[in-house]
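Below is one structure, written out as structure tokens; the observations come after it.
In this text the structure is predicted, and so the values were computed from the model without any measurement.
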Amino acid sequence: MSAQPPPVSPPVPPLPLADALACGPLVLDGGLSNQLAAQGCDLSGELWSARLLADDPAQIEAAHAAYARAGARVLITGSYQASRAGFARRGLGPAGADALLCRSVALARAAAARATEGAADRPVWVAASVGPYGAVLADGGEYRGRYGLTTAELERFHRPRIEALAAAGPDVLALETVPDTAEAEALLRAAKGCGVPVWLSYTVAGGRTRAGQPLADAFALAADDDQVIAAGVNCCDPREAGLAVRLAARTTGKPVVAYPNSGEGWDAAHGTWTGEAAFDPAAARAWVGDGARLVGGCCRVGPAEIARLARVLEGERGT
């Protein structure tokens, strides 16, 4: 019997993401965890959706595919809560943890490849999620920041996962849900020289970072950093997005990323969402007018909302 050919890696988009943003806005996906829950997945436990990278990767790929069908042009990997420390608590060593981080990129790339079959003019990019240290704590710490760690300690924590994700070949690293400037600085340092561009996205409340710092100071970290192709906000109340978009554009001079959550609040003590949803895809027109070029949703924003968002932004791209 003849030897089987090696598996073919899904193709990457022909245009770098930074160049694509010059043509107009791209629609991001929505919350991965809520789509996994809708598919019947159990997300209990401190690894949250990252557990499925080991236990049921097909579910993650299916969730990515649901967003691609809805019109998302950028898929964010299921690595938000993944880390060597988190997987070590499940008895997995560094090599095994890094393999799962790599798998997160492969799953998103495979879903993107299927979404673009026969549609070469509508490529789908992959963003490797690098969540904050607070996400690994699984106690809502990403909504507070100020963990009591130094910038150097945070940099040492983030560097191995960034290196593993970068080696997997995503189009961009999503340094996301960052609650304070100390962690933003650590993430940017850890990503330096990794060979993959990044976007920097803060979670905010009351017009400031979750740690209470002025947003102008927070965005200024990205202004002169050549590896940063976009800066903005995510996992915040959508009513916070407009001001943040304008401030990010003015402070950085770069494309802005904006993907707020549904507007409901997360009660970490009880593990439940509270309040009313306020995500309105029509609001994205104003964000785009103010400089947003990567627009989507975060927690509790599903494929139906992303499909509506894609229809709202249809025709805004130059190509």
Side-chain angles (χ1 to χ4, degrees), residues 10-21 25-33 35 49-50 53 60-61 63-68 70-82 101-113 115-116 122-132 135 158 161-178 184 187-188 190-191 194-203 222 225 227-235 248 254-261 292-299 301 303 306 309-310:
V12 300
L15 191 65
L17 182 59
D19 293 343
L21 297 182
L26 289 171
V27 177
L28 300 175
D29 58 11
L32 186 65
S33 61
Q35 177 56 25
S49 55
L53 290 171
I60 292 181
E61 187 176 338
H64 288 317
Y67 282 114
R73 301 287 298 278
V74 181
L75 302 176
I76 303 175
T77 64
S79 50
Y80 174 80
Q81 205 142 356
L101 288 164
C102 183
R103 176 180 289 176
S104 74
V105 175
L107 292 170
R109 189 71 79 189
T116 56
R122 290 184 59 82
V124 176
W125 289 263
V126 169
S129 174
V130 184
H158 285 298
R161 60 206 296 251
I162 284 176
E163 290 176 344
L165 288 167
D171 299 297
V172 64
L173 296 175
L175 313 180
E176 59 176 351
T177 325
V178 181
L187 283 161
L188 292 173
C194 74
V196 179
V198 309
W199 81 54
L200 176 63
S201 180
Y202 291 94
T203 178
D225 193 323
Q227 69 184 330
V228 180
I229 62 171
V233 293
N234 79 288
C235 208
K254 297 174 186 271
V256 177
V257 56
Y259 51 118
N261 57 35
R293 292 296 177 268
L294 289 162
V295 184
C298 201
C299 300
V301 177
I306 295 303
L309 178 64

Practice task
Let me see the working for D171 and R109 under side-chain contact (heavy atoms from CB on, under 4.5 Å), right down to the final yes or no.
Solution key: CA-CA 10 Å; D171 299 297; R109 189 71 79 189; 2.7 Å; yes
Exercise for the section: Please report the shortest heavy-atom distance between G71 and V27, naming the atom on each side. Expected result: O-CB, 3.9 Å
Practice task
For Y202, check side-chain hydrogen bond (donor to acceptor under 3.5 Å, both in side chains) against everything at least two apart and list the hits.
Solution key: none
Exercise for the section: Over all heavy atoms of both residues, which pair between V256 and G232 is shortest? Give the atoms and the distance, please. Expected result: CG1-CA, 4.2 Å
Exercise for the section: Any chance you could measure E163, atom CD, to L101, atom CG, to the nearest 0.5 Å? Expected result: 11.5 Å
Handout entry: L75 vs Y67, side-chain contact (heavy atoms from CB on, under 4.5 Å): CA-CA, chis, key distance, verdict
Key = CA-CA 8 Å; L75 302 176; Y67 282 114; 4.2 Å; yes
Problem - Exercise: identify the closest heavy-atom pair between A127 and A174 - result: CB-CB, 4.3 Å
Exercise for the section: Supply the atom-to-atom distance L26 CG to L294 CG, rounded to the nearest 0.5 angstrom. Expected result: 6.0 Å
Exercise for the section: Would you check if the side chain of Y259 reaches a backbone N or O of C299 as a donor-acceptor pair within less than 3.5 Å? Expected result: no
Exercise for the section: Hey, could you give me the CH2/CG distance between W199 and L28, rounded to the nearest 0.5 Å? Expected result: 5.0 Å
Exercise for the section: Might you point out which heavy atoms bring I76 and S129 nearest each other, and give the distance in Å? Expected result: CG2-CB, 3.7 Å
Handout entry: Heavy-atom closest pair, residues A66 and Q35
Key = CB-NE2, 3.7 Å
Handout entry: S79 side chain to S104 backbone, donor-acceptor under 3.5 Å
Key = no
Problem - Expected output: side-chain E176 to main-chain S201 donor-acceptor under 3.5 Å - result: no
Problem - Atom pair CG/NE2 of L188 and H158 - distance to nearest 0.5 Å - result: 10.5 Å
Fill in the blank from the handout: Given the options L175, I162, V130, D225, V198 meets side chain to side chain contact (heavy atoms under 4.5 Å, CB included) only with L175
Problem - Under 3.5 Å donor-acceptor, R73 side chain and W125 backbone - result: no
Practice task
Only one of T77, L200, V196 passes side chain to side chain contact (heavy atoms under 4.5 Å, CB included) with L173; say which it is.
Solution key: V196
Practice task
Say whether, by atom type as modelled, one donor and one acceptor occur between the side chain of R103 and the main chain of L53 under 3.5 angstrom.
Solution key: yes
Handout entry: Closest contact, heavy atoms only, V126 versus A112
Key = CG2-CB, 4.4 Å
Handout entry: Reported SG-to-CG distance for the pair C102 and L107, which is rounded to 0.5 angstrom
Key = 9.5 Å
